[in-house]
Amino acid sequence: MAPPHLRLSRHGTLRFSRFPCQSMRRWISYRESAEVGKAYAPYLRNFLKKLIVEVESIHGEVLDEIYELYADIITSLKDDQFVEKSMRVHKTITFLFPDGNNYYLYDVGNSISDQPISLVDDLVILGCIDLPSCPKSRKLMVPLQCSLNMLEGDTGCSIWPSSLLLSEFILSFPEIFSNKSCFEVGSGVGLVGICLAHVKASKVTLTDGDHLTLANMRSNLELNQLSTDTSLLESYEDPNVVQCVHLPWESASESGLSAFVPEIILGADILYDRSCFPDLVRILAILLNRRKSDSSSRKESTKGFTLDTKCNTNDLNDLTAVTSKGPVAYIATVIRNIDTFNYFLSLVEQANLSITDLTEAKMPFNLLPYMQSYDRSNMRLFTVSSKA
């Protein structure tokens, strides 16, 4: 409620009949009282800002108490936001693998259905229980420490929807990632990296440009019984050791990335800020144009997961064969703005990279059926590779 003799018009401008100092002082005292607390602080901040601007615009005199109250409120709100951003909650993402009575349908000529079925001509049936990535309990529980304040700028410590899709993809097609050196850009809470370690990727490197996000990521890896390595050196390959690297995209250089020779690059929900696209595509181009020597390039070990699957696209037979031609990137994203996405596509073309939409051909199993807010229908899954 505005103070006596001072009201906002329907159009948001202030109208004054009189401006009694005593009334204003009483109103300030009321708003500062413990009874009101901080509940009205954001509204009071906005009101005082408008009040000061309006009074100054007509060359009026603003009470010193108004300036002091406005400064106090701004300071207190900044302190509260810092505390809120520092707050973390623990969530557990549980991937549920259906039992042997539930099957997933691979239509040789079309896409995937998640309905239980019987054997039909021209169809290949696979139960989730047959996946090597499926635990004996038929569920994979991933505890995570994350933030509640994605809208307040704490994006790196939030669980983004596309990271769930990319994680499902890894768990649904473990043979793609098993015994492969994997490198993620914009790793956030580390969920994708934890799933990569679960399917026995030979090396997992997670990166982020924010130090607080990296610290939270390392905590999450430890919560999931994984060790972390913060060195930039090419360390020995151990699926239980995850490398965590500070990688600001804008300052990343080819020489700085020379220590990394991944076979697979991953990214989830990294296509939202178009100002970052040139640096992101430059990093992808550097990593995708890398080649290991013949002696160390591809480890075709029989110790990893193996699963015969069909990829239902005209120009892509088996995704496990892609890495034999060179590194490949898997990017899961929500296309929020078509112009922004088209800008990314233009940069990919300029960098002599090719991009393929795998969404229909390789839709992962629905391992999060209980998560009502998780809508896969607006997400896309792409591969990016070098044309060279």
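Values below: every heavy atom of this structure, side chains too, minus hydrogens, waters and symmetry copies.
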Working to the nearest 0.5 Å, report the span between [atom1] of [X] and [atom2] of [Y].
X    : Y    : atom1 : atom2 : result
L164 : M379 : CG    : CE    : 6.5 Å
D210 : C157 : CG    : SG    : 7.0 Å
I331 : L284 : CD1   : CG    : 5.0 Å
I176 : K180 : CD1   : NZ    : 9.0 Å
R336 : T340 : CZ    : OG1   : 10.5 Å
L144 : S219 : CG    : OG    : 11.0 Å

Counting distance only, does the side-chain N/O of [X] pair as donor-acceptor with the main-chain N or O of [Y] below 3.5 Å?
X    : Y    : value
N224 : P143 : yes
R282 : A252 : yes
E184 : L266 : no
N289 : A285 : yes
Y343 : I338 : no

Item to check | side chain to side chain contact (heavy atoms under 4.5 Å, CB included) evaluation trace for V89 with C146 | outcome: CA-CA 6 Å; V89 296; C146 57; 4.0 Å; yes
Taking the side chain as everything from C-beta on, heavy atoms only, tell me whether [X] gets closer than 4.5 Å to [Y].
X    : Y    : value
V142 : L191 : yes
C195 : F95  : yes
H198 : S133 : yes
L358 : F382 : no
D269 : P161 : yes
F183 : V204 : no
L226 : V241 : no
H90  : L223 : yes

Quiz question: by atom type and distance under 3.5 Å, do the side chains of [X] and [Y] form a donor-acceptor pair?
X    : Y    : answer
N220 : Q145 : no
S187 : T207 : no
E168 : Y374 : yes

Contact summary for [X] and [Y], nearest pair of heavy atoms:
X    : Y    : result
G186 : W249 : N-CZ2, 4.3 Å
W160 : S163 : O-OG, 2.5 Å
L166 : V192 : CD2-CG2, 4.0 Å
P262 : I265 : CG-CG1, 3.9 Å
S386 : L288 : CB-O, 3.7 Å
A351 : V281 : CB-CG1, 3.7 Å

Next on the checklist: Run the salt bridge (Lys or Arg N to Asp or Glu O under 4.0 Å) test against D208 and tell me which residues pass, sequence neighbours left out.
Outcome noted: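 Partners of D208 by the salt bridge (Lys or Arg N to Asp or Glu O under 4.0 Å) criterion come out as none, since no residue qualifies.
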Next on the checklist: My understanding is that only residues two or more places apart in sequence, or in another chain, count here; which of them pass salt bridge (Lys or Arg N to Asp or Glu O under 4.0 Å) with R274?
Outcome noted: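 Once residues adjacent in sequence are excluded, R274 has no partner under the salt bridge (Lys or Arg N to Asp or Glu O under 4.0 Å) criterion.
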Checklist entry - So Y272 and N337, side chain to side chain contact (heavy atoms under 4.5 Å, CB included) or not? Walk me through it. => result CA-CA 8 Å; Y272 59 90; N337 182 290; over 6 Å; no
Applying the 4.5 Å side-chain criterion to the ILVMFWY set and letting contacts propagate, would [X] and [Y] be lumped into a single cluster?
X    : Y    : result
V348 : I335 : yes
I355 : I270 : yes
M141 : I194 : no

Item to check | Criterion side chain to side chain contact (heavy atoms under 4.5 Å, CB included) on I93 and M371, from CA distance to verdict | outcome: CA-CA 9 Å; I93 305 298; M371 196 173 287; 4.0 Å; yes
Just grab all the salt bridge (Lys or Arg N to Asp or Glu O under 4.0 Å) pairs involving [range], residues at least two apart or on different chains.
range            : answer
residues 377-388 : E349-K387, D357-R380, E360-R380
residues 338-348 : none
residues 242-254 : none

Who are the side chain to side chain donor-acceptor pair (under 3.5 Å) partners of [X], not counting sequence neighbours?
X    : answer
N342 : none
T92  : none
N352 : none
S253 : S255

Next on the checklist: F344: which residues meet the ring pair (Phe, Tyr, Trp, His ring centres under 6.0 Å) condition with it, sequence neighbours left out?
Outcome noted: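 Listed in chain order: F277.
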Next on the checklist: Would Y330 and F177 count as a ring-ring contact (aromatic ring centres under 6.0 Å, His included) here? Give the steps.
Outcome noted: CA-CA 11 Å; Y330 292 92; F177 306 94; 5.6 Å; yes
Checklist entry - How about F169 and F365: are their ring centres within less than 6.0 Å of each other? => result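 Ring centroids of F169 and F365 are no less than 6.0 Å from each other.
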Checklist entry - Please walk me through it: do S354 and S385 pass side-chain hydrogen bond (donor to acceptor under 3.5 Å, both in side chains)? => result CA-CA 5 Å; S354 63; S385 57; 3.1 Å; yes
Next on the checklist: I'd like to know whether L206 forms a side chain to side chain contact (heavy atoms under 4.5 Å, CB included) with L221, so could you lay out the CA-CA distance, the side-chain angles of the two residues, the decisive distance to 0.1 Å, and finally the verdict.
Outcome noted: CA-CA 11 Å; L206 305 184; L221 294 171; 4.3 Å; yes
Next on the checklist: Restricting to side-chain contact (heavy atoms from CB on, under 4.5 Å), what partner residues turn up for S137, sequence neighbours left out?
Outcome noted: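 Partners of S137 by the side-chain contact (heavy atoms from CB on, under 4.5 Å) criterion, ordered by chain and then number, come out as P135, K139.
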